[in-house]
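One structure is given below, encoded as structure tokens.
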Amino acid sequence: MTKRRSAAWYGKLDRDGFIHRSWMKNQGFPDHVFDGRPIIGICNTWSELTPCNSGLRDLAEGVKRGVWEAGGFPVEFPVTSLGETQMKPTAMLFRNLLAMDVEESIRAYGIDGVVLLGGCDKTTPGQVMGACSVDLPSIVVSSGPMLNGKWRGRDIGSGTDVWKFSEAVRAGDMTLADFMAAESGMSRSKGVCMTMGTASTMSSLMEAMGLSLPTNGALPAVDARRMALAHLTGKRIVEMVEEDLKPSDILTKAAFENAIVANAAVGGSTNAVVHLLAIAGRVGVDLSLDDIAAGADVPLLVNCMPSGKYLMEDFAYAGGVPAVLAQLRDRLRPARTVLGGDIAAYAEGAEILNDDVIRPVSNPVKPAAGLRVLRGNLAPDGAIVKPSAATDRLLEHEGPAHVFENIEDMKANIDRDDLPVTPDTVLVLKGCGPKGYPGMPEVGNMPIPAKLVKDGVRDMVRVSDARMSGTAFGTVILHVAPEAQAGGPLALVQTGDRVRVSVAEGRLDLLVDDAELAARRAKWQPDPPRYDRGYAKLYVDTVLQADRGADLDFLVGKDTRPVTRESH
Ligand code: FES
């Protein structure tokens, strides 16, 4: 049998081998499982504080069945988990911490391959980033979405309907009692948000990039077929170890380009941009915002919230990601998958089973739905916007800025009756980038000022260095780089300045002359840092800007050297 990585832990007939094996035997493992078979780590982000991942203990059991069946030895281990709806100041602050945890855990333990069990927004990219930096055979199984939310006889979607309900309460169109009642109907089962938010976007992209088995993207968390998928994944990772099929063999530039196309077709989250850029940095693929922009003309095929009307359960039953890939066949580039073949095989035999939920390319929800990249003197290193979730007429707009210097300023003043704004105002929010908040939270979709909500206004142009939830919608320009706290031109905007947006031209400009901007820059000072110790300080000191994926600068790339020193 080929000598595996795990042999350096469990294959030695000396004191070190004794120690590594003996302590594992306290769990009841017999001698023969240390016979050199592939040892498969199951990297689990299960946590009761990450409700979206609360089904992952069950899925881990499914993976173990498959690993044992294929002749491997499964060992489950926990890593830090990131509960998007529970963490403060924002789960994104900790994505890179999870990535470090995953990387160092995989490297430090005697495993030959790894199954990544994630789901909630940041858990998937964090795990994949870490795994890419070690580059052992790796495969993803996602939590899967919750069942459709139900309230008063209709389907309601995670996030998307929360934003709508909360605006309706502010407008006086919904009672607080109804608002509270909708809470229980929204989250009816284990699983991630059942809109096409960041979690389902990333699980769908894992499938489109060939890093999971087919159907991983959309099957509901509680569908027995997801348990079967976990079992099959456990079988497959053992074979991947035999074949030495690693992330670097799968995540080529073509795989990222396929992800960008798929992201547009499913109406995926803007957050996919920072995550794809960060994963690319780990695996050594040269990916930039220009590559993201190349997907702009891809049609929106999946009619799911927030860009459409259905939910993930409907998407799964309509054919899921394989049916979408079949529609995109002509646009997909050849790329290897965890099955060893080409991504085209994922679409073989896949058909649309409900052509209103998944539209054929001949009848898309929107003709050109890819994320757009904007540049100009307000965003020299780029900003992004999601036209499929925006109001068409606002995609070409010029108006006066109303500036909020930070999140506290916005929250304190947005609902003031005398706020000097009109529907043409461009709301500008500073201090919410990677360094500024810190952690680049999902606050870019600022609420519409109350006085305008009462007049029926439901969308306005909003510009910030923040992100927005994948479940959110609106004409929201995000990820402005460089961010205000890093001295980007966003820091220099003042209330009353005119801002011009042209998505058609890919422009975001501040209509203030250079001499005035230079005078403002001479007086500008960054805010004092909010953290002076611990991980948050490390993050603020080393985080890259959004156009580079907001990874920590010293984590970019990988280290595949063997660990040679022993602990005893
Ligand atoms: Fe966890 Fe949406 S909050 S997936």
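In what follows, every heavy atom counts, from backbone to side chain, and hydrogens, waters and symmetry copies are set aside. Start at 1 and go down the list; that is how both ligands and their atoms are numbered.
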Kindly give the heavy-atom pair with the smallest separation between Lys435 and Thr542, and that separation in Å.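 Lys435 and Thr542 have their closest heavy atoms at NZ-N, 4.5 Å.
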Do you know which two heavy atoms are closest between Ser143 and Val192, and how far apart they sit?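 Of all heavy-atom pairs spanning Ser143 and Val192, the closest is CB-CG1, 3.9 Å.
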May I ask you to say whether Arg458 pairs ionically with Glu167, meaning some side-chain N is under 4.0 Å from a carboxylate O?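 No, Arg458 and Glu167 are not salt-bridged.
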Among side-chain atoms of Ser47 and Ser81, is any donor-acceptor pair under 3.5 angstrom?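 No, no side-chain donor-acceptor pair sits under 3.5 Å.
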Would you list the protein N, O or S atoms within less than 2.8 Å of atom 2 (Fe) of ligand 1, leaving out water?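 The answer is Cys193 SG.
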Look at the aromatic rings of Phe179 and Phe165 and report parallel, tilted or perpendicular, splitting at 30° and 60°.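 Judged by the thresholds at 30° and 60°, the geometry between Phe179 and Phe165 is perpendicular.
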Do Lys411's NZ or CZ and the ring of Phe404 fall within the cation-pi criteria of under 6.0 Å and 45°?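 No, a cation-pi geometry is absent between Lys411 and Phe404.
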